[in-house]
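Just so it is clear: chains get the letters A, B, ... in the order the sequence lines come, proteins before strands, and each one is counted from 1.
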Amino acid sequence: MEDPKPGAGQSANASALGETKREFDMDAVVGYILLIGVLISLVLVGAALIWRWIDTRSLSFDYKITGMNLFELVLVEIRLAAQGAFRPRLLMSLGIAMLMLTPFIRVLASMVYFMAALKNWKYSVFTAIVLLTLTYSLFLR
Amino acid sequence: MISFELLFPISIVAGFVGAMAGMGGGVVIIPVLTLLGVDIKHAIAISILSVIATSSGSASAYIRDHITNLKVGMFLEMFTIAGALTGAKITLAVSPKPLYIIFGLVLLASWLALLFARHQMGNTGPQDRFTKWLELEGSYPDQALGEVVHYKAVRAYFGAPLMYVAGIIAGLLGIGAGAVKVLIHDLVMGLPPKVSTTTSNMIIGVTALAGASVYLMAGLIEPGLAAPVILGIAIGAFLGTRLLVRMSNQAVRRFFLFILLILAVEMIVRGVRGGL
């Protein structure tokens, strides 16, 4: 039986110890980004519901998000909070925003990995294309 | 508006059934939401948001286990994201009727793929020049086999456009379309089943994000509906996945697959009859 190598899931060419070590670290980083992002968003949505229940004895949210992309949604909510309108829907919107940003941050981290750690320009370009397309979709109007 | 008290437990069941059948919760929650009177486009938009949560959650564990191939994922994501944007734009443009029929047909095809899937080992032979240039190869420690499995992907030039189509399906219907993606990875690109499943899981989250962005801008994501669905499906999928790995009896899984078959036929019938 061969010893399982850390980071082996990434590339059979990763024979150099340094690169293998970096790949191992990157697997963990990417994995934890996804896990923590999803957990934060679920906690925010859950907290919004609890806050709503304490305020109104109801768990329903009846506001709509219309004509806004993700960043406009976050900006509107933060602006309202800054004006003193600190409401459960702020946490709800932030929870939805965090959920949507989680895969985006994962791709961003992957690009840093391919550029800075592996210096693999081919995959840096591929990741940049993915990132640019996602950025375009998040700024859709 | 459906109450939280009703939608939350329904979403837990949807996430659980989806996970037990080997698919996501989206394929269950969309038909259920439409049965409860939610417009199919709203149901698709909310489902795609829950797909981000479930796929990212499970992908997290697989990536840390060094099974997921980041390069395969990153290369194919270029195509699935473009496909998801196209699919979501199509959904906004068409009437609900064809969406019901396409949803039912895709669910039926995924059901057949899951039922008759014959897993094979990944390709270890020579690669074509393009796939080799893309560095799409790797190895992973297989706990069940007790050895490191090496593989070399092939036919990336064919897998890429097919993944664009898989992205269209995901964006169009608000589902992960994992069964379609795994089929492409397995049969076209010669990836081992574990690598294709886990890499597909990672791709699903980013693909769903592209589709969700289109639906958010179109005003189809209602937080009041989204909250119980996201939380419920995440909890249900978590419970279902935990139970599935401990379960040895295939009969139970076949029962859940049977539920999916009923949902598929029911959606097609409603589509043919004219939506709701």
S.K.: Which atoms of B/Ala234 are under 4.5 Å from chain A, going by heavy atoms: the side chain, the backbone, both sets, or neither?
M.R.: side chain

S.K.: Do the non-hydrogen side-chain atoms of B/Glu222 and A/Tyr63 ever get within less than 4.5 Å of each other?
M.R.: no

S.K.: Under 4.5 Å from any heavy atom of chain B, what part of A/Arg52 do you find: side chain, backbone, both or neither?
M.R.: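 No part of it gets close to chain B.
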
S.K.: For A/Phe71, I'd like to know if atom CZ has over 12 heavy atoms of other residues, nucleotides or ligands within 6.0 Å.
M.R.: yes

S.K.: Which answer fits A/Phe104, side chain, backbone, both or neither, if we ask what part of it has an atom under 4.5 Å from a heavy atom of chain B?
M.R.: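 Both backbone and side chain.
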
S.K.: Any side-chain heavy atom of A/Arg89 within less than 4.5 Å of one from B/Pro223?
M.R.: no

S.K.: Are A/Phe126 and B/Leu134 close enough that some pair of their side-chain heavy atoms sits under 4.5 Å apart?
M.R.: yes

S.K.: State, to 0.1 Å, how close A/Gly31 and B/Ile63 come at their nearest heavy-atom pair, and which atoms those are.
M.R.: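 Closest heavy-atom pair between A/Gly31 and B/Ile63: N-CG2, 4.1 Å.
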
S.K.: Answer whether the closest heavy-atom distance between the side chains of A/Val38 and B/Thr54 falls below 4.5 Å.
M.R.: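 A/Val38 vs B/Thr54: side chains apart.
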
S.K.: Is it the side chain or the backbone of A/Tyr32 that comes within 4.5 Å of chain B heavy atoms, both, or neither?
M.R.: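 Contact with chain B involves both backbone and side-chain atoms of A/Tyr32.
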
S.K.: Quick check for you: to the nearest 0.5 Å, what is the distance between B/Ile52 atom CD1 and A/Ser41 atom OG?
M.R.: 9.0 Å

S.K.: Could you give the distance from CE (B/Met78) to CG (A/Leu132), rounded to the nearest 0.5 Å?
M.R.: 12.0 Å

S.K.: Non-hydrogen atoms of chain B under 4.5 Å away: do they reach the side chain of A/Met100, the backbone, both or neither?
M.R.: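 Contact with chain B is through both the backbone and side chain of A/Met100.
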
S.K.: Working to the nearest 0.5 angstrom, can you tell me the gap between A/Ile96 CD1 and B/Leu216 CG?
M.R.: 8.0 Å

S.K.: Quick check for you: to the nearest 0.5 Å, what is the distance between A/Ser93 atom OG and B/Ile221 atom CD1?
M.R.: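 Reported to 0.5 Å precision, the distance equals 11.5 Å.
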
S.K.: Working to the nearest 0.5 Å, report the span between CE of B/Met217 and CZ of A/Phe139.
M.R.: 12.0 Å

S.K.: Search all heavy atoms of A/Tyr123 against all heavy atoms of B/Lys71 and return the closest pair with its distance.
M.R.: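 In terms of heavy atoms, the two residues are closest at CE2-O, 3.3 Å.
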
S.K.: Please determine, among A/Thr127, A/Val107, A/Asp62, the option with the most heavy-atom pairs under 4.5 Å with chain B.
M.R.: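 Top option by heavy-atom pairs under 4.5 Å: A/Thr127.
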
S.K.: Examine whether an atom of B/Leu85 lies under 4.5 Å from a heavy atom of chain A, and if so say whether it belongs to the side chain, the backbone or both; otherwise answer neither.
M.R.: side chain

S.K.: If you take all heavy atoms of A/Ser137 and B/Ala210, which pair is closest and at what distance?
M.R.: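 What the structure gives for the nearest pair is OG-CA, 4.0 Å.
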
S.K.: Mind checking the CD-CD1 spacing from B/Glu77 to A/Ile129? Nearest 0.5 Å is all I need.
M.R.: 12.5 Å

S.K.: Can you tell me which portion of A/Leu99 sits under 4.5 Å from chain B's heavy atoms? Options are side chain, backbone, both or neither.
M.R.: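 Both parts, backbone and side chain.
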
S.K.: At their closest point, which heavy atom of A/Leu34 faces which heavy atom of B/Ser56, and how far apart are they?
M.R.: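 What the structure gives for the nearest pair is CB-O, 3.6 Å.
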
S.K.: Using a cut-off of 6.0 Å, state whether more than 12 heavy atoms not belonging to B/Phe238 lie near its atom CZ.
M.R.: no

